[in-house]
Structures are given as C-alpha cells and as structure tokens.
Amino acid sequence: MNRQESISVLLTTEGTYPFYTGGVSTWCHRLTHNLPNIDFTVLAVVTNPSPQSKYDLAPNVRQLIKVPQWGLLQPAEYSCHQLPSVVLRNRWNTTPQVIAARFKPIFERFLALLFSSSCDKEELGRVLLELHSYFQWYDYQKTMNSADAWNVLWHAVRAAWECRPPATEAPTLAELKQAYRLLYHLLMVLHFPVPYADIAHSSAASFCGLPCVLAKLANGTPYLLTEHGVYLREQYLNLRRQVRSFFARWFLCRVVENVVELNYYFADLVAPVCAYNSRWEKQLGVPADRIKVIFNGVDPEKFQPDRQESSARARVSSVGHIYPLKGQLDLIHAAAELRAKFNNLEVRFYGTPADPEYFDACRGKVAAFKLEDCVRFAGSTTEPWKVYNDADVMAFPSISEAFPYAVLEAMSCGAAVVATDVGGVREALGDCGLLVPARTPHAMAEAISFLLNNATERARLGQLARARILQHFTQEQFLNSYGRTYCQLLSRRHQRFLPAYSW
C-alpha cells in the first residue's frame with residue numbers, strides 16, 4: 001500500500017467470520033490481521049443472536065456487529081445499536097396508518113420488482129434503501145406482521161404464480177406462510193444501521209452484501225465484492241435438499257437470484273478468488289472490466305514440507321467440514337475400493353460436522369462397507385500442517401469449491417494431492433497433482449491407488465506443488481493485491497448517489 005494513513009473498511013460476512021470456521025473465515029482472519037493500516041468494522045450476518053467467536057480479532061478491528069437473521073422474531077430484542085428510548089419510540093410510532101401510508105407502497109414496489117421477469121436493479125436498490133430508512137424509524141416486527149404486509153405478499157405471489165403453466169398447483173396456505181416466514185427473517189438485515197466507512201467490502205454476493213449496496217447508494221461508498229464460492233450456484237445445490245416445497249424453492253430462488261444480481265450490479269469491483277467464478281459473474285451481467293481475480297494465498301513459512309518417516313500404513317487424509325458439498329461420501333466409496341488393494345489402508349477425515357444428517361450418512365456408509373478398521377473421523381485440527389505432512393496422499397473429493405485454502409496449504413507442505421476438478425481447484429493445482437471428475441469414487445480410488453504405489457511420483461508432485469505456491473499463491477501476494485485494490489477504490493470514491501430519507 002502506498003498510503004500511510006488508515007483506511008476504514010466495512011467488511012461484511014454471512015455465516016462465517018468470526019463465529020464459524022472455514023475457508024472464508026480463514027481469508028477474513030488473514031486479511032484483517034495482516035493489513036494493520038486498515039481499520040476494519042466487521043458486520044457479521046449470523047444464524048442466531050448468540051454465537052461465540054472462534055477467532056481472536058485483530059487490534060485494527062474497531063467494531064464487531066452481529067446481525068442475526070434467525071433465532072428471534074423481534075429485532076428490537078437485539079438492539080445493542082439502539083437506545084431503549086429509540087426502540088420504544090419506533091414501536092409507538094408504528095401505527096396501522098403509518099404502515100398503510102408509508103410501508104405498504106414501498107413493499108408493493110419491492111415485491112413487484114422481485115417477481116418481475118426483468119427486474120430493474122437500480123430501482124430495486126432504491127426501494128431497499130427506502131425500506132432500510134423506514135426501519136430506522138419504525139418497528140420491524142409490527143410492520144412485517146401487519147395485515148397490510150401479509151396482503152401485499154399474498155396478492156404479489158398470486159399475480160406471479162398465475163403466470164406459470166396451468167398445470168402448476170397453487171401454493172397452499174402453509175406454503176405461503178413458509179415463504180412469508182423466510183422473507184421475514186432474510187430481510188431482517190434491513191433493520192440494522194449501516195456503519196460509515198471509506199470502503200464497503202462483502203465476502204459474498206448474498207444478504208451480507210446488502211449493507212454494502214446501501215452504503216454505496218446513500219454515501220457513494222466504493223463497494224468491493226469478493227466471491228469465494230459462487231453463492232447462487234451453491235444455493236441451487238442446497239435448496240432442493242433443504243426445502244421440500246416446490247413453491248418455497250421457487251420463492252427463495254426469486255429472492256436469492258435478485259439479491260445476487262443486485263450485489264453484482266452495484267459492486268465497483270468484483271474480485272473472485274479464482275477465474276472459474278468469473279464465468280458465472282459474466283453470465284449474470286458483470287462487465288469484464290469490473291472483474292479482477294485475487295487468488296487466496298498461504299504463508300509458506302507456516303506451511304512448509306516436514307515429511308515424517310513413512311508409517312506402516314498407507315495414509316490418505318482429507319480436510320474440510322463434514323458437509324454434502326465437500327463430498328466425503330464419495331471418498332468413503334473410494335476407500336471401499338482401496339481397502340481391497342491395501343490391507344494397511346488408513347483414511348482420516350479432519351473437520352467438524354457442519355451437517356449432522358450428512359455426518360450420520362457418512363458413518364452409516366462406513367459401517368455398511370465394514371470400514372471401521374481403516375476409516376476414522378478425526379475431528380478438527382489446530383495443526384493442519386502436521387496433517388498434510390503425515391499423509392501419503394491428500395484427497396479432496398468436493399462437489400463444489402471456490403479456491404480452497406486446504407488445497408493450497410497441502411501444496412505448500414509438499415503433499416501429493418488428488419482432488420476433484422471443481423471450481424478453481426484446477427487453477428490452484430495445475431499439473432502438480434491429480435484431478436478427477438466430481439462424484440466419481442472409482443476415478444478417485446484409481447488416482448489414489450496410483451500414488452500410494454509410487455513414492456517417486458508422490459515426491460515429484462509434492463516438490464512441484466511447493467514451487468507453484470511460492471511462485472503464485474503466497475500470503476504476501478494476496479495481501480498486497482487487496483492493499484492496492486483498497487487504495488485504487490478509495491481514489492475514485494463516488495459522490496452520494498441518493499439523498500437520505502427522513503420519515
């Protein structure tokens with residue numbers, strides 16, 4: 001960075017830093033701890049009001065704001081940002097007349113845009129700014145639970161649903177209530193004030209990006225969007241498994257698609273962590289000149305080769321949350337094939353179960369294949385470099401990825417890697433490891449078997465992987481890229497886009 005004075009950055013997260021572990025949290029932690037000239041305010045969208053921090057915050061993190069979307073019905077219950085007198089004033093001022101005159105017209109415009117075939121993102125941003133301004137003066141729960149709000153949603157959904165093919169069944173009252181409940185919680189981020197900063201930086205093109213959009217509209221704050229995984233793609237993959245109702249999935253898709261595209265529209269710069277992500281971004285309307293890939297980077301001093309003497313067992317390890325998109329079930333299937341070839345096989349899964357149902361399925365599959373003697377769920381580790389150095393082969397069976405830190409860390413430790421060819425994994429690994437298609441346990445088993453039988457090739461690939469990290473993916477390169485980007489964005493700060501609304 002060329003500037004000596006501090007820059008203030010509003011860094012927004014969702015379901016990650018500092019309350020949950022994972023790749024995005026690792027990215028946030030390294031960014032905040034290693035850019036001391038940046039004053040960060042972290043605004044974390046969380047699933048409940050009382051998560052406990054998993055990380056020690058850097059001294060230059062001036063404020064941590066929790067924005068719970070779930071676990072409460074009345075945001076005023078969690079109003080550390082508001083004086084009790086303000087909470088009471090807002091509640092008293094929220095009368096049926098106010099809701100009908102001031103909220104109802106805005107909500108009608110919001111839903112009309114949400115369900116339109118070609119949503120005007122400029123207009124949608126303005127409407128969200130008006131909703132946000134309204135909720136700074138009036139009570140969220142009383143407004144959203146009003147008969148006016150329900151009727152507006154009912155009429156908007158009915159009008160949109162009538163445009164679908166006649167064979168499509170109309171949603172039941174229970175499904176409408178489910179959609180309304182989901183929208184109630186997802187929009188709760190609009191209740192919370194947006195802190196002032198020189199730059200707004202979102203870690204996902206999701207609901208945590210809405211405060212950044214609002215900051216740009218109200219104050220002209222430059223907006224930097226970093227995409228790790230492709231949020232929209234991941235939601236498509238998750239919704240079918242998590243939401244049974246077709247109508248509720250349709251409704252959520254409309255909401256999520258518009259939120260993602262809104263983030264893309266207003267971001268001054270979209271910085272995916274790999275070029276793979278940029279294909280989605282371009283397809284969804286981001287001009288190429290507003291996309292800049294900034295790769296993740298690792299500390300090669302912390303993650304360095306320290307190979308131990310080979311154990312008596314053929315050890316295959318995998319690092320990642322136990323979660324469907326991480327593909328552990330596929331590696332268990334591969335282990336069943338490998339068990340027939342290697343009597344001394346040991347497969348270790350490191351990571352916390354992020355999905356209890358999926359974790360149960362993994363353990364059930366281990367029992368079904370009678371692999372209890374060779375497959376172990378080792379839990380999380382505070383010393384991942386030891387895992388990478390102790391393994392003969394590091395396996396990454398993900399179904400979806402961005403630019404995973406675990407792969408970079410394993411490469412930096414000189415590990416022999418077998419990974420699925422998803423997201424930016426190919427960009428990270430290059431020709432320094434073996435790639436197989438996702439959801440193909442047999443191909444993964446064959447690649448692992450080849451490396452377990454060939455120590456010379458394992459060593460060669462490990463040396464190439466370490467050299468590739470030093471050339472392209474160090475933490476220093478990663479930090480310098482963000483430091484320069486912050487300065488460049490600050491130099492072209494906009495004037496205020498829209499006047500502040502007063503009620």
Side-chain angles (χ1 to χ4, degrees), residues 10-14 41 43-46 63 65-69 72 74-76 78-83 86-87 89-91 93-94 98-99 101-114 119-146 148-149 152-153 183-197 200-202 204-223 225 255-256 258-263 265-267 494 496-503:
L10 173 64
L11 179 62
T12 66
T13 68
E14 185 169 319
T41 294
L43 186 152
V45 176
V46 291
Q63 187 179 14
I65 302 168
K66 286 190 288 187
V67 176
Q69 283 184 308
L72 73 170
Q74 169 58 286
Y78 186 83
S79 293
C80 55
H81 60 283
Q82 288 180 325
L83 294 171
V86 174
V87 174
R89 180 206 68 193
N90 291 357
R91 190 159 182 83
N93 288 344
T94 309
V98 165
I99 294 171
R102 298 188 173 184
F103 173 76
K104 183 180 176 182
I106 310 172
F107 198 46
E108 286 174 335
R109 286 161 55 206
F110 168 72
L111 291 174
L113 288 164
L114 200 67
C119 174
D120 184 330
K121 296 303 182 291
E122 194 81 37
E123 178 64 12
L124 180 60
R126 291 171 180 266
V127 169
L128 285 173
L129 183 61
E130 291 183 54
L131 283 173
H132 178 261
S133 298
Y134 172 91
F135 288 127
Q136 306 316 295
W137 291 91
Y138 299 104
D139 187 78
Y140 186 89
Q141 184 185 40
K142 284 185 72 174
T143 298
M144 293 297 289
N145 282 346
S146 66
D148 275 327
V152 167
L153 179 73
L183 188 65
Y184 181 99
H185 287 282
L186 292 173
L187 291 184
M188 207 172 279
V189 66
L190 298 177
H191 166 77
F192 293 83
V194 178
Y196 180 86
H201 187 177
S202 178
S206 59
F207 292 90
C208 70
L210 294 184
C212 301
V213 172
L214 297 173
K216 180 172 180 179
L217 285 168
N219 301 313
T221 307
Y223 176 17
L225 169 61
V255 175
V256 169
N258 278 291
V259 167
V260 169
E261 292 176 17
L262 190 76
N263 277 282
Y265 180 86
F266 282 103
H494 304 273
R496 177 179 296 182
F497 270 29
L498 295 174
Y501 288 88
S502 59
W503 298 92

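These numbers come from the heavy atoms of this one structure, side chains and all, not from hydrogens, waters or symmetry mates.
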Q: Between Val189 and Pro211, is any pair of side-chain heavy atoms under 4.5 Å apart?
A: yes
Q: For Lys142, is there any backbone N or O sitting under 3.5 Å from a side-chain donor or acceptor partner on Thr94?
A: no
Q: Just wondering, do Val259 and Leu262 contact through their side chains at under 4.5 Å, heavy atoms?
A: no
Q: Is it true that a side-chain atom of Asn263 and a backbone atom of Ser206 form a donor plus acceptor pair closer than 3.5 Å?
A: yes
Q: Under 3.5 Å, is there a donor-acceptor pair between the Tyr140 and Asn90 side chains?
A: no
Q: Between Gln136 and Pro193, is any pair of side-chain heavy atoms under 4.5 Å apart?
A: yes
Q: Can you check side chain to side chain contact (heavy atoms under 4.5 Å, CB included) on Phe110 and Leu187, steps first, answer last?
A: CA-CA 11 Å; Phe110 168 72; Leu187 291 184; 4.0 Å; yes
Q: Hey, are the side chains of His132 and Leu210 touching, using non-hydrogen atoms and a 4.5 Å cut-off?
A: no
Q: Which distance, rounded to the nearest 0.5 Å, do you find between the CG of Leu214 and the CG of Leu190?
A: 6.5 Å
Q: Taking the side chain as every heavy atom from C-beta outward, state whether Tyr196 and Asn219 have any atom pair closer than 4.5 Å.
A: yes
Q: Would you say His185's side chain and Gln69's backbone share a donor-acceptor pair under 3.5 angstrom?
A: yes
Q: Are Leu111 and Leu153 side-chain neighbours, meaning at least one heavy-atom pair lies under 4.5 Å?
A: yes
Q: Between Gln63 and Leu43 (side chain of the first, backbone of the second, donor and acceptor by atom type, cut-off under 3.5 Å), is there such a pair?
A: no
Q: Quick one: do Thr12 and Val45 satisfy side chain to side chain contact (heavy atoms under 4.5 Å, CB included)? Show the steps, please.
A: CA-CA 8 Å; Thr12 66; Val45 176; over 6 Å; no
Q: Can you give me the closest heavy-atom contact between Ala215 and Val194, atom names plus distance?
A: CB-CG1, 4.1 Å
Q: Taking side chain as C-beta onward, heavy atoms only, is Thr13 less than 4.5 Å from Cys208?
A: no
Q: May I ask you to test the Val98-Asn93 pair for a side-chain heavy-atom distance under 4.5 Å?
A: no
Q: Is the side chain of Glu14 donor-acceptor paired with the backbone N or O of Phe207 at a distance under 3.5 Å, no angle test?
A: yes
Q: I would like to know whether Thr143 and Tyr134 meet side chain to side chain contact (heavy atoms under 4.5 Å, CB included); could you show each step before the answer?
A: CA-CA 10 Å; Thr143 298; Tyr134 172 91; 3.0 Å; yes
Q: What pair of heavy atoms forms the shortest contact from Phe107 to Ala149, and how long is it?
A: CE2-O, 3.5 Å
Q: So which heavy atom on Thr221 is nearest to which on Ala200, and how close?
A: CG2-N, 3.5 Å
Q: Glu123 vs Val127, test: side chain to side chain contact (heavy atoms under 4.5 Å, CB included). Steps then yes/no.
A: CA-CA 6 Å; Glu123 178 64 12; Val127 169; 3.7 Å; yes
Q: Show the nearest heavy-atom pair for residues Tyr223 and Ala204, with the distance to one decimal.
A: OH-O, 4.5 Å
Q: Distance check, rounded to the nearest 0.5 Å: Ile65 atom CD1 versus Leu11 atom CG?
A: 11.5 Å
Q: Between CD of Glu130 and CZ of Arg102, what distance do you get to the nearest 0.5 Å?
A: 12.5 Å
Q: Quick check: closest heavy atoms across Ile99 and Ser146, and the distance to 0.1 Å?
A: CG2-OG, 3.6 Å
Q: Looking only at heavy atoms, which two atoms of Gly125 and Phe266 are closest? And how far apart?
A: CA-CE1, 4.0 Å
